[in-house]
Undergrad: 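Here it is: the structure, laid out below.
Worth saying up front: this structure is predicted, and the values here are computed from it rather than measured. Here is the naming used below: chain letters follow the sequence lines, and residue numbers restart at 1 for every chain.
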Number of protein chains: 2
Amino acid sequence: MLLTYEMLEVLKSLAMMNATRKVVKISSKELAERIGQSLQTAARKLKELEDEGLIDRTLTKDGQFVVITEKGKQLLYKEYMDYKKIFEDEGTIKIKGEVFSGVGEGRYYVSLDGYRKQFKEKLGFEPYPGTLNLRIPKEQMYFRRRLDEERGILIDGFSTEDRTFGEVKAFKCRINGIEGAIVIPKRTHYPSEIFEVISPVKLRDKLGLKDGDFVEVEVIL
Amino acid sequence: MLLTYEMLEVLKSLAMMNATRKVVKISSKELAERIGQSLQTAARKLKELEDEGLIDRTLTKDGQFVVITEKGKQLLYKEYMDYKKIFEDEGTIKIKGEVFSGVGEGRYYVSLDGYRKQFKEKLGFEPYPGTLNLRIPKEQMYFRRRLDEERGILIDGFSTEDRTFGEVKAFKCRINGIEGAIVIPKRTHYPSEIFEVISPVKLRDKLGLKDGDFVEVEVIL
C-alpha cells in the first residue's frame, strides 16, 4: 500500500470529525480549509484515501459523504498504539553517566543524621554511607538541566552548633534494577555536569563498577 | 510556529526510539532510512525540529545525539490525546435513517413468544409490540453493510406447529437517549436498505416521529 504521512493527516482530520463512527458530510473545500491546503490537493487526497480503501465515499445531490472504513480505522489505531507506547513510562527518563571517584564528601553528608533520617522517611530506604559519583557527558546534558528544573523530592536543610547544611533535591531512580536516588545539593556552586547517587547498597561493589565505566540511571521525575 | 505534518512524522519516529526518555545517538543517514527519505531531507528536518525547539541536538566526536524537549513532548502528547479521543467510543457507530410505515409485520413478529422471551433475556427489556422502520439513505449504506458483517446478538429461530421462524440478529442501540435494539432477520431476501428498531416504549410516539423524519441511531457493535 502506498500510504504517505500526508494521507494519514487527512484521515486523522476526518476521524476528528467522528468519521470512524458516522457518515460525515464534507465538501472538498471544507476539507481544504481544515487541513490548510488547496481545494485540488484536498480533493486528490480524498481520492487517494478512497482508492486505498481507507474511506468510503458517496456523492449525492446533497453533497459529498465520507466514512472511515475498518481498514482506515486499523491504520489510525496503529498510530494510537504508537503514541500510547511513547507515553507509557512518561514519568521516567534515562541518563547515562561516567563513574568517577569523589573526595569522600558524599560519605560525610549521607552519614549526617539530619539528612539520613529524611532519606529514610522520604525515599523509603536507609542509604549506604557513601555516594556513587557520575559525570554527565556533553550530549546528555539536556536531562541534567531538566533535573535542575524539576522539583524532585525536597530534603530540608538543617543546622548544628557549628554550621548550616543546605537543602538537597532528590529523585528516586534505578540503576541496573537496584533502587536508589539521585541527590543534588541546592547550593548554587554545585557543578552541573555531575550528580551523586545514593542507594541501600554500595553500588560500586554491587554492580562491579570502576572509574570510567558508564551506567544508565532510570530517573523517576 | 511553523510546524508541518512532516516534521511531526520525524518527531514521532524519534519518540519511537525512546528519545522522549533518553538521549539517542542517531546519524542523519540512519534517520533517513527510518523515514524513507533522502539523507539531505532527514538532515534538514532535524535542523527544523531543532530550530523550533522540539529537539535538543548535540554533535560530538562520537556522533549526533538527539533528545526530544518538553515542547516536543507536548506536541506529541496533543496527538496522543487526539487519537485517544478518536477511539474513545470505539464500539459505537451512528446511523441515520428515515422513518416510514411498515405493513404491521413487525408488530406480529415481536409479539411472538419465541422471539419475545429471547429479547427480554438477551437484550434486557420487554419490547413494545411493534417496530420503528427506518430506511437508510444511500450515503449511510456503509454502516448498514457493516451490520450485515457484524455478529450482533443472535436471536434463535424456532418452530410452531404451522411454520418456522428464522434467526434474527440484534444490536443494542440508543435513539435520542432511549434504549432499544436494531433487529435484522437473517433471511436472505430481507431488503438491505432498511432496518427495524424495537424498544421498551413506542418510539414513534415517545419521540414524536412521523413518516419522512430522520433519526440518528447510536448502535453498539
Undergrad: Do you know which two heavy atoms are closest between B:Thr20 and A:Ile93, and how far apart they sit?
TA: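 Smallest heavy-atom distance, with atoms named: O-CG2, 4.4 Å.
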Undergrad: Using non-hydrogen atoms and a 4.5 Å limit, figure out which bit of B:Glu70 sits close to chain A: side chain, backbone, both or neither.
TA: both
Undergrad: Could you grab the distance from atom CD of A:Glu139 to atom CG of B:Asp62, nearest 0.5 Å is fine?
TA: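 Between A:Glu139 CD and B:Asp62 CG, I get 7.0 Å after rounding to 0.5 Å.
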Undergrad: Is it true that A:Glu79 and B:Lys12 have a side-chain N and a carboxylate O under 4.0 angstrom from each other?
TA: yes
Undergrad: For the interface with chain B, which of A:Met81, A:Lys25, A:Lys85, A:Lys138 has the highest count of heavy-atom pairs at distances below 4.5 Å?
TA: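 Most heavy-atom pairs under 4.5 Å with chain B: A:Lys138.
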Undergrad: Classify the ring geometry of B:Tyr83 against A:Tyr80: parallel below 30°, tilted from 30° to 60°, perpendicular beyond 60°.
TA: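 B:Tyr83 and A:Tyr80: parallel rings.
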Undergrad: Side chain, backbone, both or neither: which part of A:Ile68 has an atom under 4.5 Å from a heavy atom of chain B?
TA: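 Only the backbone of A:Ile68 comes within 4.5 Å of chain B.
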Undergrad: Out of A:Leu221, A:Thr60, A:Thr92, which one racks up the most heavy-atom pairs below 4.5 Å with chain B?
TA: A:Thr92
Undergrad: Does B:Lys94 use its side chain to pair, donor to acceptor, with the backbone of A:Val23 at less than 3.5 Å?
TA: no
Undergrad: Do A:Tyr142 and B:Thr58 make a side-chain contact, defined as non-hydrogen atoms from C-beta onward lying under 4.5 Å apart?
TA: no
Undergrad: Check each atom of B:Leu14 against the heavy atoms of chain A and say whether the ones under 4.5 Å are side chain, backbone, both or neither.
TA: neither
Undergrad: Between A:Leu59, A:Thr69, A:Val66, A:Ile95, which shows the greatest number of heavy-atom pairs under 4.5 Å with chain B?
TA: A:Thr69
Undergrad: Determine yes or no for a side-chain-to-main-chain donor-acceptor pair under 3.5 angstrom, with B:Arg21 supplying the side chain and A:Ile86 the backbone.
TA: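 Confirmed, B:Arg21 side chain pairs with A:Ile86 backbone.
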Undergrad: Can you confirm whether B:Phe87 is buried at CZ, in the sense that more than 12 heavy atoms of other residues, nucleotides or ligands lie under 6.0 Å from that atom?
TA: yes
Undergrad: Could you tell me which of B:Glu6, B:Lys22, B:Gln140 has the largest number of non-hydrogen atom pairs under 4.5 Å with chain A?
TA: B:Lys22
Undergrad: Does A:Tyr77, at its OH atom, have more than 12 non-hydrogen atoms belonging to other residues, nucleotides or ligands within less than 6.0 Å?
TA: no
Undergrad: If you count the non-hydrogen atoms of other residues, nucleotides and ligands that lie under 6.0 Å from CD in A:Glu150, is the total more than 12?
TA: yes
Undergrad: Taking side chain as C-beta onward, heavy atoms only, is A:Asp56 less than 4.5 Å from B:Arg145?
TA: yes
Undergrad: Can you say whether B:Lys84 sits under 4.5 Å from chain A via the side chain, the backbone, both, or neither, judging by heavy atoms?
TA: both
Undergrad: What part of B:Arg146 gets closer than 4.5 Å to chain A, counting heavy atoms only: side chain, backbone, both or neither?
TA: side chain
Undergrad: Search all heavy atoms of B:Val67 against all heavy atoms of A:Phe143 and return the closest pair with its distance.
TA: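 The pair with the smallest heavy-atom distance is CG2-CZ, 3.4 Å.
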Undergrad: With only heavy atoms counted, which part of B:Asp82 is less than 4.5 Å from chain A, the side chain, the backbone, both or neither?
TA: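 For B:Asp82, heavy atoms of backbone and side chain both lie under 4.5 Å from chain A.
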Undergrad: Identify which part of B:Lys73 has an atom lying under 4.5 Å from any heavy atom of chain A, answering side chain, backbone, both or neither.
TA: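 Looking at B:Lys73, backbone and side chain both touch chain A.
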